[in-house]
**Q** 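Quick one: this structure, given as structure tokens, is what I'll be asking you about.
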2 protein chains.
Amino acid sequence: MTKYTNQDRFLIAVDCIIFGFDGEHLKLLLIKRGFEPEKDKWSLMGGFVGPQESLDNAANRVLTQLTGLEGVYLEQIQAYGDPLRDPIERTFSVTYFALIDINKYKMQITDQYHAEWFLLKDAPKLIFDHGAMVENAKKKIRYKAALHPILFELLPKKFTIPQLQNLYEDVYNTSIDNRNFIRKLTSTGLLIKLPEKDKSASKKGAFYFKLDKKKYVANFQAFLNFIPNPDKLISG
Amino acid sequence: MTKYTNQDRFLIAVDCIIFGFDGEHLKLLLIKRGFEPEKDKWSLMGGFVGPQESLDNAANRVLTQLTGLEGVYLEQIQAYGDPLRDPIERTFSVTYFALIDINKYKMQITDQYHAEWFLLKDAPKLIFDHGAMVENAKKKIRYKAALHPILFELLPKKFTIPQLQNLYEDVYNTSIDNRNFIRKLTSTGLLIKLPEKDKSASKKGAFYFKLDKKKYVANFQAFLNFIPNPDKLISG
DNA sequence: AATATTAAACGTCAAACTAACGATTAATAT
DNA sequence: ATATTAATCGTTAGTTTGACGTTTAATATT
């Protein structure tokens, strides 16, 4: 009794939908695929799962390979298993989304992967079912961020209110009343105001804030409602 | 170029967390595993994914095998891939939850699988990581049902308000004020009152209702809030 | 020195929603 | 006649929502 008999075995990959924010727009990190089929076409960063790796391990490895970053926020989205999704050989893929601060991404432009940041709307056509994976990831991040404070993962440790509001506005492609936004934010108690200001983006400068880690963890699972009328915005 | 070289291939299974409701309690359908390892231990119903099957196909097949039902509500939850989760051979598993009306489950007691309904709290210890899978499925169903009207899938076509309220109370292990519940329900416009009554559960009898299918579909993705203070109840 | 620009700190207000609870009527098995 | 469950009407205080008004602060630009 060492193996299951008469069963087929398949390749298993992970693919990462890597979201980044630069203070203004939400972006997507894509690579030019390095091998056949579809060599040099735009693709999600992915990789086959190795024999000793868990799915989470594989996703983290793939992400670190591309970005040099560790400890990034990573969450499993969904498994894809259409028999024909990869024309060469049947391959299952488990998708993850990653949230990173673009300014942390300083990968050497040795650039084994020819990675590039794209605005969500300007993203090129992707190989296989990667386009559908990205659409799904966008829905997921919107859904989750309407209820949980995950978007902070896209910001540096110190961030300003205008940055945060830009982020929410970009994710939901909407405009938010600044006074209501601040009121809702402060009511969460999640933010700690710092004495310093960011003067790069405006004349007056905007105060930096940081997350109250304890409250962040405590409130993470709570149902919040950061976004007015998310039901009108979300369609998946 | 017919295959990817130098990569390992693995078994892939689907496992179904089958929830059922009998008008009083939410239950879980488990089977006695029919083969080694862990033969005759309680387990989720699952099966290996075949070479021509998508994941959804495989989950539907497995569900039909066990229950004889087709067209059941089935939703992918998550992929599990710990290298040691199956001691015989590395096997990935993609979990699905199914929602069915227990009274529809009339599988012949030929009972190839020795299936049995368990109250959620009375469920036995399960093989491998199936216990964790069930816990996760419980969180998922609570989360989803707080925002989307999925629990109707657990009821017969004709159901009564008391049945529906029992269901919500059982899923969230809470008690709900009947007057507020009805008000919230009717405000969704999802229910159509039928002239008949169910007299099996009470002396007065309770009117049957059916779903307004069109409104059901239209409202399915909306963020609702069926449950007071779900943030106090949900912890995953 | 005046101006333009952005940040942010107050506030107002009507409408909607929430949760908790009161009272009453209806149907029927016992 | 009584007990039980279903269902329909409330009420009410408190909170949340979204829309919008006003004012002050800081500073780079002119």
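Convention: sequence-line order gives letters A, B, ...; per-chain numbering from 1. Just so it is clear, the model here is predicted, and its values are computed rather than measured.
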**Q** Enumerate the residues from residues 199-212 of chain B whose closest heavy atom to DNA chain C is under 4.0 Å, giving them by residue number; use none for an empty result.
**A**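 When residues 199-212 of chain B is checked for heavy atoms under 4.0 Å from DNA chain C, the hits, listed by number, are B:Lys199, B:Lys203, B:Lys204.
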**Q** Rounded to whole angstroms, how far apart are CD1 on A:Ile176 and P on C:dA8?
**A**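 Checked: the CD1 to P distance equals 15 Å.
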**Q** For A:Ile161 and D:dA25, give me the distance from atom CD1 to atom P, rounded to whole Å.
**A** 20 Å
**Q** For A:Lys193 and for A:Arg183, locate the closest nucleotide of DNA chain C by heavy-atom distance; then report the residue assigned to the nucleotide nearer the 5' terminus.
**A**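 Its nucleotide being nearer the 5' end, the pick is A:Lys193.
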**Q** With sequence neighbours excluded, give me every salt bridge (Lys or Arg N to Asp or Glu O under 4.0 Å) pair touching residues 125-137 of chain A.
**A**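 Only A:Arg85-A:Asp129, A:Glu135-A:Lys138 qualify under salt bridge (Lys or Arg N to Asp or Glu O under 4.0 Å).
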**Q** I need the CZ-P distance between B:Arg179 and C:dT18, as an integer number of Å.
**A**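 These atoms are roughly 17 Å apart.
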**Q** The criterion is side chain to side chain contact (heavy atoms under 4.5 Å, CB included); which residues satisfy it with B:Lys203, sequence neighbours excluded?
**A**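 Side chain to side chain contact (heavy atoms under 4.5 Å, CB included) list for B:Lys203, sorted by chain: empty.
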**Q** Taking only N and O in the side chain of A:Lys197, is any of them less than 4.0 Å away from OP1 or OP2 of D:dT27?
**A** no
**Q** Measure the distance from CG on A:Asn178 to C1' on D:dT23 and round it to the nearest whole Å.
**A**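 Taking atom C1' of D:dT23 as the reference, CG of A:Asn178 is at 14 Å.
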**Q** Using whole Å, what does the distance between atom P of nucleotide C:dA8 and atom CG of A:Leu185 come to?
**A** 11 Å
**Q** To the nearest Å, how far apart are A:Asp177 CG and D:dG21 P?
**A**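 Taking CG of A:Asp177 and P of D:dG21, I get 10 Å after rounding.
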**Q** Report the distance from atom CZ of A:Phe159 to atom P of C:dA7, rounded to the nearest whole Å.
**A**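 Distance, rounded to whole Å: 15 Å.
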**Q** Who passes side chain to side chain donor-acceptor pair (under 3.5 Å) against B:Glu169, sequence neighbours left out?
**A**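 Once residues adjacent in sequence are excluded, the partners of B:Glu169 under the side chain to side chain donor-acceptor pair (under 3.5 Å) criterion are B:Gln165.
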**Q** Can you name the one residue among A:Phe21, A:Phe159, A:Tyr73 that meets ring-ring contact (aromatic ring centres under 6.0 Å, His included) with A:Phe152?
**A**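 Output: one option passes, namely A:Phe159.
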**Q** What is the distance, to the nearest angstrom, from the CD atom on A:Gln165 to the C1' atom on C:dA8?
**A**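 So the two atoms are 11 Å apart, to the nearest Å.
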**Q** Please enumerate all residues that pass side chain to side chain donor-acceptor pair (under 3.5 Å) together with A:Lys41, with sequence neighbours excluded.
**A** A:Glu38
**Q** Considering Watson-Crick and G-U wobble pairs with both distances under 3.5 Å, what does D:dT27 pair with?
**A** C:dA4
**Q** Which residues pass the side chain to side chain donor-acceptor pair (under 3.5 Å) test with A:Lys197, sequence neighbours left out?
**A**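 Scan of A:Lys197 (side chain to side chain donor-acceptor pair (under 3.5 Å), adjacent residues dropped) gives none.
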**Q** Quick one: are the ring centres of B:Phe19 and B:His25 less than 6.0 Å apart?
**A** no
